[in-house]
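Beneath this line is the structure, given in structure tokens, with notes to follow.
Order of the sequence lines sets the chain letters (A, B, ...), proteins ahead of strands, with each chain counted from 1.
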2 protein chains.
Amino acid sequence: METSAKTDRRIRRTQAAITQAFLELLSKKTFERITINDIAKQADVNRGTIYLHYADKYDLLNACIDCHLNAMIHSCVFTHFTEHKANVDEATESLAALFHYFEEHALFFSSMLSCQKTSVFRERMVQIFASVIQKKPITPSNNQTIDKQVLTQFIASAFVGTLEWWILNRMPHSPEYMAKQVWMLLKSD
Amino acid sequence: METSAKTDRRIRRTQAAITQAFLELLSKKTFERITINDIAKQADVNRGTIYLHYADKYDLLNACIDCHLNAMIHSCVFTHFTEHKANVDEATESLAALFHYFEEHALFFSSMLSCQKTSVFRERMVQIFASVIQKKPITPSNNQTIDKQVLTQFIASAFVGTLEWWILNRMPHSPEYMAKQVWMLLKSD
DNA sequence: TTTGAAATGTTGATTAATCAACAGAAACGC
DNA sequence: GCGTTTCTGTTGATTAATCAACATTTCAAA
């Protein structure tokens, strides 16, 4: 992803404006009711310009999902809690950071999770978490005959499902509390 | 000032970005210490682009002054307090709105007033207030042999001086209080 | 159903912004 | 003082964004 290194400043600016405008609109309207005209007006960009970057609003949606999931992963020092040395403090801090990211962008995630494309978005969430988890040597303990892939999918699904529940139920607990709870559950595996 | 009607969207955007960046920088550094590079970086604009719109940073400063003084005049329903029917409530409300505008943009005005170009900025302030006052039929009462121009200059100077004192002394009174006081003084003339 | 308004996606010509490179001026530390 | 760095203002070639216009399509209301 050699993004911002050499890309023209105008491209960076307009893409940022478009995606931000799109997210702003997503906090007011549902995805289906958002038009290209709306986005262009909100982003202060010519309507035709949007088509220079995205085929249609579905393409834009996917790009936004990519961007956001990527930002989410990078927002927390996510690598910590999959390391051998299971430093409890570091791990829960990382998890809390992740929950904080969700809290901060709750509008986006709840929009994504509550619209028709729920399953698509959930699948992509699980996928990206699974790929992150898979990169790290997980669960040195309890190494009975448990398939690594199965375990990865198991953890990722549990994680995403918990996040989804937390977001859609308007975050009934604090990020720190959730981080603690999830960490305890992860350790027991 | 047929500004936004037909001007290219890109011009509007970049000029807005540049002037806003300039104001943001003015709240941190003094004018003399601000470089074109700083402005370009803050505005996320190529350095050369600035020269497409402004000859140098002094030209930019003047343009910003124009813009800000214009916005200030239009921010309050300023016409009220120069009308015949001296509705006290409306007048003080307008004045309070004006003081509120100053309070909100105190950083800009204090930067302008406390730098070397104090006199230039003050003169322009007096000038614009005088032109606004002059447009309206003022002081129907007490119409002794008082030259209208003299009166205009008198009021404008008093007004600007009071604003300047208020800003540079870190706004020791509330906008409402100042509006009341100034209105009482204006009525006595 | 028909009509009218708004959204879509695309086109070509035009314009603004970018980038890299330049030479000269000012500012800074040694 | 001198050398280094940074800022300045300008250049020309290149690219991205704009605008107006177009034919379709969608959609809501008469």
Exercise for the section: Looking only at side-chain atoms of A/Ile36, point me to the closest of C/dT8, D/dA17, C/dT18. Expected result: C/dT8

Fill in the blank from the handout: Here the distance between atom P of C/dA7 and atom CD1 of A/Ile34, to the nearest Å, is 13 Å

Problem - Under 3.5 Å side-chain donor-acceptor pair for A/Gln20 and A/Glu24 - result: yes

Practice task
Ignoring backbone atoms, establish whether B/Tyr51 has a side-chain N or O less than 4.0 Å from OP1 or OP2 of D/dG9.
Solution key: yes

Fill in the blank from the handout: Here the distance between atom P of C/dT8 and atom CD of A/Glu32, to the nearest Å, is 12 Å

Practice task
Taking only the side-chain nitrogens and oxygens of A/Asn46, find out if one of them lies under 4.0 Å from OP1 or OP2 of D/dC19.
Solution key: yes

Practice task
State whether a side-chain donor-acceptor pair under 3.5 Å links B/Asn46 with B/Thr49.
Solution key: no

Problem - Residue closer to the 5' end of DNA chain C, A/Gly48 versus B/Asp8 (nearest nucleotide) - result: A/Gly48

Fill in the blank from the handout: side-chain contact (heavy atoms from CB on, under 4.5 Å) test vs B/Phe159 passes for just one of B/Val182, B/Ile133, B/Val126, namely B/Val182

Completion exercise
Side-chain atoms of A/Thr35 come closest, of C/dA7, C/dA17, D/dT8, to C/dA7

Problem - Distance, rounded to the nearest Å, where A/Asp56 contributes CG and C/dG9 contributes C1' - result: 10 Å

Practice task
To the nearest Å, give me how far apart OH (A/Tyr54) and P (C/dT8) are.
Solution key: 16 Å

Handout entry: Rounded distance in Å - CD (B/Gln15) to P (C/dA16)
Key = 11 Å

Exercise for the section: Measure from the side-chain heavy atoms of B/Thr14 and tell me the nearest of D/dC19, D/dA17, C/dA17. Expected result: C/dA17

Handout entry: Length of the line joining B/Ile39:CD1 and C/dA17:P, which is rounded to integer Å
Key = 16 Å

Exercise for the section: Starting at atom CG of B/Asp38, determine the distance to atom C1' of D/dT6, rounded to an integer number of angstrom. Expected result: 11 Å

Practice task
Go through the N and O atoms of the side chain of A/Arg10 and the base of C/dA17, and report whether any donor-acceptor pair is under 3.5 Å.
Solution key: yes

Exercise for the section: Would you indicate what B/Arg33 reaches in the nucleic acid, counting non-hydrogen atoms under 4.0 angstrom: base, sugar-phosphate, or nothing? Expected result: nothing

Handout entry: Short side-chain N/O contact from B/Arg9 to OP1 or OP2 of D/dC19, under 4.0 Å
Key = yes

Exercise for the section: Mind calculating the distance between CZ (A/Arg47) and C1' (C/dT11) to the nearest angstrom? Expected result: 12 Å

Exercise for the section: Check whether any side-chain N or O of B/His53 sits under 4.0 Å from OP1 or OP2 of C/dA16, and answer yes or no. Expected result: no

Problem - B/Trp166 ring center near B/Phe99 ring center (under 6.0 Å) - result: yes

Exercise for the section: Run the ring-centre check on A/Tyr58 versus A/Phe31 and record whether the distance is less than 6.0 Å. Expected result: yes

